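Quick caveat: nothing in here was measured; it's all calculated off a predicted structure. Protein chains get the first letters and strands the later ones, always in sequence-line order, with residue 1 at the start of each.
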Amino acid sequence: MMRPSLKVNIGGIELENPIMTASGTFGSGKEYGDFVDLNRLGAVVVKGVSSVAWKGNPTPRVAETHGGMLNSVGLQNPGVEEFIKKDIPFLRGYDTKIIVNIAGKTVEEYCAVAERLSKEDVDMIELNISCPNVKEGGVSFGTNRDMAEYVTREVKKYTKQPLIVKLSPNVTDIVEIAKAAVDGGADALSLINTLTGMAIDIHKRKPILANVVGGLSGPAIKPVAVRMVYQVAQAVKVPIIGMGGIMTGEDAVEFMLAGATAVAVGTANFMNPTATTDILEGIEKYMSQYKIKDIKEIQGSLMI
Amino acid sequence: MMRPSLKVNIGGIELENPIMTASGTFGSGKEYGDFVDLNRLGAVVVKGVSSVAWKGNPTPRVAETHGGMLNSVGLQNPGVEEFIKKDIPFLRGYDTKIIVNIAGKTVEEYCAVAERLSKEDVDMIELNISCPNVKEGGVSFGTNRDMAEYVTREVKKYTKQPLIVKLSPNVTDIVEIAKAAVDGGADALSLINTLTGMAIDIHKRKPILANVVGGLSGPAIKPVAVRMVYQVAQAVKVPIIGMGGIMTGEDAVEFMLAGATAVAVGTANFMNPTATTDILEGIEKYMSQYKIKDIKEIQGSLMI
Amino acid sequence: MKKNLKARITTNHEIAPGIYEMIILSKELSLEGFPGKFVNLYLEDGKHLLPRPISICEINAKEQVLRLIYAVLGKGTKKLSMMKENQEIHVLGPLGNGFTVEKGTGKNIVIGGGVGVPPLLELVKQLEGATDVYLGFRCNPFLVEDFKKYADNVYLATEDGSEGHKGNVLELLKLQNQEGDMIYSCGPKPMLKAVSEWAKNHNIDAELSLEERMACGIGACLVCTCKAAETGDEDWEYKRVCKDGPVFSRDEVMWE
Amino acid sequence: MKKNLKARITTNHEIAPGIYEMIILSKELSLEGFPGKFVNLYLEDGKHLLPRPISICEINAKEQVLRLIYAVLGKGTKKLSMMKENQEIHVLGPLGNGFTVEKGTGKNIVIGGGVGVPPLLELVKQLEGATDVYLGFRCNPFLVEDFKKYADNVYLATEDGSEGHKGNVLELLKLQNQEGDMIYSCGPKPMLKAVSEWAKNHNIDAELSLEERMACGIGACLVCTCKAAETGDEDWEYKRVCKDGPVFSRDEVMWE
Ligand SMILES: Cc1cc2nc3c(=O)[nH]c(=O)nc-3n(C[C@H](O)[C@H](O)[C@H](O)COP(=O)(O)OP(=O)(O)OC[C@H]3O[C@@H](n4cnc5c(N)ncnc54)[C@H](O)[C@@H]3O)c2cc1C
Ligand SMILES: Cc1cc2nc3c(=O)[nH]c(=O)nc-3n(C[C@H](O)[C@H](O)[C@H](O)COP(=O)(O)OP(=O)(O)OC[C@H]3O[C@@H](n4cnc5c(N)ncnc54)[C@H](O)[C@@H]3O)c2cc1C
Ligand SMILES: Cc1cc2nc3c(=O)[nH]c(=O)nc-3n(C[C@H](O)[C@H](O)[C@H](O)COP(=O)(O)O)c2cc1C
Ligand SMILES: Cc1cc2nc3c(=O)[nH]c(=O)nc-3n(C[C@H](O)[C@H](O)[C@H](O)COP(=O)(O)O)c2cc1C
Ligand code: FES
Ligand code: FES
């Protein structure tokens, strides 16, 4: 029998399979390389990178919630030069695509990172306009239609690689923002980033996170993520990378049925370092159970 | 020793304690009366009532999600006349406050229900501008600043009881909507209603809910709810009724620390019919552990 | 009166491929149990919040136990099947309205399909009149011997023909030219719809036990509704399967 | 090499009020174990997603077991304490960098406070030089006899004065005019800060084991950071407690 095809295409780049890592949960892959064969991942999406080093927020930066977690890392990163020096050579040692998540406090900063990376050997850029953990810029771009379009259009001028725009779920109308990003030139969309949340230590009477609020991720948010992927898939033509609480191959299939071309695995890595490849195997099992020869048969095949 | 006081005041009405039922999860209390002493509840908030009977959505209307559930009941109710005839006399047999959640497809419909109830023996009105399960009206009022203010102001003209406005979490800026409702004359705010979500049966390749999308409730959404209560409490002076995933007395305390004056228990009832009074006892235990004599000492006492 | 309690599991094992028998010990539940009523079982694992409704298959008030028979279908019933003897389980029940046993003084026809079979056993035990039982399965029948103890006749159909008639129960019913005064049935919707039509054509009264996804299980949340109409009434409404049902009379249910 | 595996629990019981000993059987973990390293324990209950980091208290490579000592603090450790013998537990480890045992050839001072005491036991076992141990507890000391087996001297302090010196370990250290070449310490932040200052004043090298809330445990997610600076460097950065630590050298850690 022919092996089923799991190949997916995003912005003209062909991935061996639809499994990506969710930015910020997988570092640049080094640490997880002890547990999973990085060659088996469709793409590694690295932690958000800015033009200069960012220190991030004070600790505690994590709080456990029912079926989820809050983080307030605040995009700590060593800056784009360090990233280029250390992480690209490491990742190029593997047969996987490299997607660089970029962060900025101003449109100029986003553009500077994009321009710097346009000369480097990376496959795609993921524009994070949705991080709830930085005060300036970041999330305000992701929650305003016009800003979303504007920052996408500007960054697009400076990048040579396909541009993915990563959307925030903390909005009244996700479809409006998705369309704005596409109007601005996005080649693909990632959704969702984290929902803004908060947890309190009732004994200390203090917020658990030093930053007071943080981003909610994990299986708790999956229904919101699936809904947004579904709504956006009805409204735009570019490929969607779905994420938010994917823990199993079945969860990944759910996102693809809703309209995602690829999926990203985030919080699941923290519970099980082999989550990415376990999920890949789960998808393969589903495909063989239903005799699906090409993963494209799943994508968006929901019957309403 | 003196018994600690759990009394709270909302819109000039004094409740024996801060425990309410979340609208739509407790019927009018009859069914749960088999398990809990309704006299022990601060208030019973009844299922949304409209001017005429609504049939609601087709089934399935419920889907289980990780640490939560989706519902798409769609405000099925027998209409305000039936409600007045059957439920008010039943509830008046108990020493608890009656809060009527009202629904409408147009501003006129909301006003009609409010006016009809203004002559009846109910303690407060909760204006539901946030139900994601009805196509017209409902949620669009709750996601638009000007509409939220307008519908509140209009309904306020027709109601004699204190008016609570119940907000939707599916918005970019909850504080803006909260302020609009207060500007419109809200005496208190309830938050949060459900987050819009979706779940798919990957074997049938169909949405689980006949209505495709539904409202996510339960512990999964608690961090979002606590965050919104906290943000709104910083911005408005009216009392807040906090809800979203409250399962234990500790959860209830968390909401009060964030700024809620009272709390409502919804999904927890489905897992345990005595949830409301169990939660009340949990609050009492916390108060005695920390020697808190008056529940007002907890409310909004978070240290940042 | 409904009970909200922890009951001890005395037995939990597979009796047919994918079909489990769970016996729970509870004086209160055994006293309140009634044919056609069901209980809510809770998994209490933080992930699965909603109850699993399972019908009462048999009641033994003397031994103070309820017998439940369930199919492992999804994640929740899988978890149920892994519960151990002597473990406690959170149970709410008995819920719903049950069958009208009093109507069964004449000649009864009892028709069950798949996991709709178990709730009919206690009914057959309690029916006064003569009772013919029709049981349909995809394959691997179960509980057949139990029914033989209490019924006058038991007719068996399997879709794969491995045992009994090859085909469905409706065919078998027609083949037998079955006659009777009262029908009780539980099973998949298409089967119930067919039973309902057959009953109407033969002018026999019928009670049908429905299934729907539930949350509260006691009539408060309105998620478990089915379309129902008073006899002859075109103006249907959504009725609650958990409280107004799960047993409905033939003419109440509106089929899609 | 870090392992991601299921290990069998051979012992799990209370050894002091609220303090539990769990022994887990795993050849791989026992071979890779090292003083100061820790393991992540997973609850796998759908509600608590994050791992509970617990230090390695003792390693027995011959019996292929790890000994863990943990305090019941919140919901997760409560659940751990209810796990039964013979149950399997999901473990990731050993994680982190551990103490530099090689520095301990001279006179060692080992200082532990509360649940910071257990990770020092395997260290003391492995240290070559002479070792004086200071243990501080609020009340109800534990593991003291175990330390006596391997240390030259064990000094005990309890805040309530129920056993040993009434007060904290720092006072005791000063009372004894303790001298040494190397300090190893683990315990609450205020204690570590005081140890660090005392070490600086006495010009003694020190290694301190820190705690922080974690997610991945392997250095990928950056939630577990602490402020750290290269010696003398004012330009601090956030370092990962799980990967760059949990053991840091005296001069690296910047105290708030
Ligand atoms: C009144 C009543 C009596 C029942 N009696 C029996 C019985 O005696 N034996 C038996 O094997 N089965 C019975 N069922 C069906 C049984 O409740 C479901 O098979 C079971 O809930 C599936 O749970 P799951 O976690 O395995 O499936 P999942 O698909 O993982 O469950 C997800 C959610 O959907 C609900 N759900 C899924 N399928 C059904 C269904 N068919 N009916 C109702 N809810 C469903 C679950 O309760 C849960 O909330 C009965 C159902 C009802 C309504
Ligand atoms: C490297 C390291 C080694 C440790 N070794 C030990 C040990 O040997 N013995 C022992 O008793 N304790 C040890 N701890 C502390 C232990 O991890 C916490 O007490 C435990 O995680 C609390 O979990 P909980 O569910 O009971 O508390 P909860 O407050 O319910 O936990 C909620 C979340 O916060 C985290 N958390 C809460 N308190 C702490 C804390 N003090 N440190 C880190 N995370 C925390 C939990 O892991 C969980 O993610 C260690 C911590 C670290 C970082
Ligand atoms: C610890 C942590 C750090 C994250 N950092 C980033 C980041 O740098 N850039 C980004 O776009 N998203 C970041 N995210 C969001 C994830 O990429 C993902 O969108 C989100 O967590 C939902 O997926 P999940 O539920 O599978 O984790 C972070 C998430 C977590 C939990
Ligand atoms: C089955 C169901 C029905 C609901 N119906 C209503 C309603 O009629 N009116 C309303 O304002 N909110 C309704 N809600 C929302 C709840 O009142 C509450 O805001 C929400 O469920 C969050 O609280 P919880 O997580 O404690 O359930 C309903 C929720 C559920 C689960
Ligand atoms: S399940 Fe709540 S009304 Fe039936
Ligand atoms: S816990 Fe993830 S980097 Fe330390």
Side-chain angles (χ1 to χ4, degrees), chain A residues 63 65-70 142-144 168-174 177 195-207 212-216 218-231 245 247 249-258 286 289-290 298 301-304, chain B residues 63 65-70 142-144 168-174 177 195-207 212-216 218-231 245 247 249-258 286 289-290 298 301-304:
Chain A
T65 69
H66 194 126
M69 61 173 274
L70 292 164
T143 54
N144 178 292
S168 166
N170 301 295
V171 295
T172 307
D173 184 355
I174 191 73
I177 310 283
L195 281 164
T196 307
M198 176 171 174
I200 293 171
D201 182 327
I202 63 165
H203 303 290
K204 297 190 181 138
R205 294 203 191 183
K206 283 168 71 169
V212 184
V213 298
L216 182 64
I221 68 169
K222 197 184 75 174
V224 175
V226 171
R227 183 263 296 182
M228 289 188 167
V229 165
Y230 172 73
Q231 290 177 330
M247 309 296 282
E250 296 175 355
D251 293 338
V253 169
E254 193 174 344
F255 275 87
M256 290 190 285
L257 287 170
Y286 177 85
Q289 183 184 348
Y290 290 102
I298 301 179
S301 75
L302 190 71
M303 294 174 293
I304 300 281
Chain B
T65 69
H66 193 128
M69 61 174 274
L70 292 164
T143 55
N144 178 293
S168 166
N170 301 296
V171 295
T172 307
D173 184 355
I174 190 75
I177 310 282
L195 281 163
T196 308
M198 176 173 174
I200 293 170
D201 182 327
I202 63 166
H203 303 290
K204 297 191 181 139
R205 294 203 192 185
K206 282 168 72 170
V212 184
V213 298
L216 182 65
I221 69 169
K222 197 185 75 174
V224 174
V226 172
R227 184 261 296 181
M228 289 188 168
V229 166
Y230 172 72
Q231 289 177 330
M247 310 295 283
E250 296 174 355
D251 294 338
V253 170
E254 193 173 344
F255 275 87
M256 290 190 284
L257 287 169
Y286 177 86
Q289 182 185 350
Y290 290 102
I298 302 179
S301 74
L302 190 71
M303 296 175 291
I304 301 281

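Side-chain polar atoms of A:Thr172 and B:Thr172 form a donor-acceptor pair below 3.5 angstrom.
Contact tally against chain B (heavy-atom pairs below 4.5 Å) for A:Arg205, A:Met247, A:Lys206: the top residue is A:Arg205. Taking chain A as the reference chain and counting heavy-atom pairs below 4.5 Å, the highest number among B:Gly67, B:Pro223, B:Ala225, B:Gly197 is found for B:Pro223. When A:Gln231, A:Met256, A:His203 are compared by the number of non-hydrogen pairs under 4.5 Å with chain B, A:His203 comes out ahead. Between chain A and the residues B:Gly68, B:Pro207, B:Ala199, B:Pro169, the most heavy-atom pairs under 4.5 angstrom are made by B:Pro207. Among A:Val226, A:Ile304, A:Thr65, A:Asp173, the residue making the largest number of heavy-atom pairs under 4.5 Å with chain B is A:Val226.
You'll find the side chain of A:Asn170 reaches within 4.5 Å of the side chain of B:Arg227, heavy atoms only. You'll find the side chain of A:Leu302 reaches within 4.5 Å of the side chain of B:Met198, heavy atoms only. Within the 4.5 Å cutoff, the side chain of A:Thr196 has no heavy atoms near those of the B:Val224 side chain.
Taken to the nearest 0.5 Å, the NZ atom of A:Lys204 stands 10.5 Å off from the CE atom of B:Met303. Distance check: B:Asp201 CG to A:Leu257 CG gives 9.5 Å after rounding to the nearest 0.5 Å. Taken to the nearest 0.5 Å, the CD atom of A:Glu254 stands 5.0 Å off from the CD1 atom of B:Ile200.
With a 4.5 angstrom heavy-atom cutoff, B:Tyr286 touches chain A only via side-chain atoms. With a 4.5 angstrom heavy-atom cutoff, B:Ile202 touches chain A via backbone and side-chain atoms both. In this structure, the portions of B:Val171 lying under 4.5 Å from any heavy atom of chain A include both its backbone and its side chain. Contact annotation for A:Tyr290: only side-chain heavy atoms (C-beta onward) come within less than 4.5 Å of a heavy atom of chain B. If you measure heavy-atom distances from A:Ala258 to chain B, the contacts under 4.5 Å come from both the backbone and the side chain.
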